[in-house]
Student: 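Before anything else, here's the structure in question.
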Amino acid sequence: MFSEGDPARNVFIICFGQVKVSSTSRDGKTMILKIAGPGDVMGLSAVLGQCSHEVTAEAIEPCQVKTVRKQEFVEFLADTESPACTRRNHFPANI
């Protein structure tokens with residue numbers, strides 16, 4: 001789906017399957033942070049923070065993933081009247 005350091009261009013919603021979320025340490029070791037599954041949203045913090053992905057997300061089995069382009073997602077938030085949907089600090093930072 002994306003690798004550590006990639007620019008955030010999309011938000012991904014896992015419909016079915018499993019995705020390994022990992023990070024690489026300074027000494028080159030890979031640490032698995034989470035196995036994401038159906039209903040999990042990936043790439044959200046990077047899109048909202050307008051930064052690169054801090055983790056790598058890769059399918060570990062066949063998956064169906066809904067992809068929402070960054071611009072479409074940002075426009076959706078702007079059109080939503082709920083203050084909770086427009087304030088970045090209301091979204092979990094670990095996804």
Side-chain angles (χ1 to χ4, degrees):
M1 293 172 45
F2 54 83
S3 296
E4 232 173 303
D6 286 352
R9 295 187 176 109
N10 302 297
V11 173
F12 304 91
I13 302 128
I14 302 170
C15 300
F16 68 80
Q18 292 187 323
V19 174
K20 176 176 73 173
V21 180
S22 62
S23 181
T24 304
S25 67
R26 289 187 179 121
D27 61 354
K29 294 181 181 177
T30 300
M31 179 171 46
I32 298 173
L33 305 173
K34 177 180 182 173
I35 301 297
D40 284 331
V41 179
M42 310 299 299
L44 183 61
S45 61
V47 163
L48 293 177
Q50 299 183 25
C51 57
S52 299
H53 291 287
E54 296 178 348
V55 297
T56 295
E58 58 186 316
I60 56 174
E61 64 181 37
C63 291
Q64 180 179 7
V65 178
K66 172 65 178 167
T67 302
V68 181
R69 287 184 290 163
K70 178 180 180 175
Q71 187 59 39
E72 291 174 350
F73 187 76
V74 170
E75 288 171 5
F76 165 77
L77 290 180
D79 291 343
T80 303
E81 294 185 23
S82 171
C85 289
T86 58
R87 294 187 56 202
R88 189 178 89 151
N89 61 351
H90 281 72
F91 291 99
N94 63 345
I95 54 176

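Values below: all heavy atoms of this structure, side chains included; hydrogens, waters and symmetry mates excluded.
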Student: Measuring only between side-chain heavy atoms, which start at C-beta, is I35 closer than 4.5 Å to K20?
Tutor: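 A side-chain contact exists here, since the closest heavy-atom pair is under 4.5 Å.
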Student: Please report the shortest heavy-atom distance between A46 and H53, naming the atom on each side.
Tutor: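 Scanning both residues completely, I find the closest heavy atoms to be CB-ND1, 3.7 Å.
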Student: Got a second to check how far M31's CE is from T24's OG1, nearest 0.5 Å?
Tutor: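 Spacing of CE (M31) from OG1 (T24) equals 9.5 Å.
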Student: Quick check on the hydrophobic clustering: are F76 and V68 connected, directly or via other members, by side-chain heavy-atom contacts under 4.5 Å?
Tutor: yes
Student: Roughly how far, to the nearest 0.5 Å, is CZ of F73 from CG of N10?
Tutor: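 So the CG of N10 and the CZ of F73 are separated by 11.5 Å.
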Student: Working to the nearest 0.5 angstrom, can you tell me the gap between I60 CD1 and E58 CD?
Tutor: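 Those atoms lie 8.5 Å apart.
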Student: What's the shortest heavy-atom distance between S45 and C51, and which atoms?
Tutor: O-SG, 4.5 Å
Student: Would you check if S23 and E4 make a side-chain contact, meaning some heavy-atom pair closer than 4.5 Å?
Tutor: yes
Student: When rounded to the nearest 0.5 angstrom, what distance separates CG in D6 from CD in E54?
Tutor: 13.0 Å
Student: Are T30 and T56 packed together at the side-chain level, in the sense that at least one heavy-atom pair is separated by less than 4.5 angstrom?
Tutor: no
Student: Where is the tightest heavy-atom contact between G17 and P38, given as atom of each residue plus distance?
Tutor: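 Heavy-atom minimum between the residues: O-CD, 3.5 Å.
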Student: May I ask you to test the V55-K34 pair for a side-chain heavy-atom distance under 4.5 Å?
Tutor: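 V55 does not reach K34 side chain to side chain.
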Student: Nearest 0.5 Å please: distance from the CZ atom of R9 over to the CZ atom of F2.
Tutor: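 It is 13.0 Å, given to the nearest 0.5 Å.
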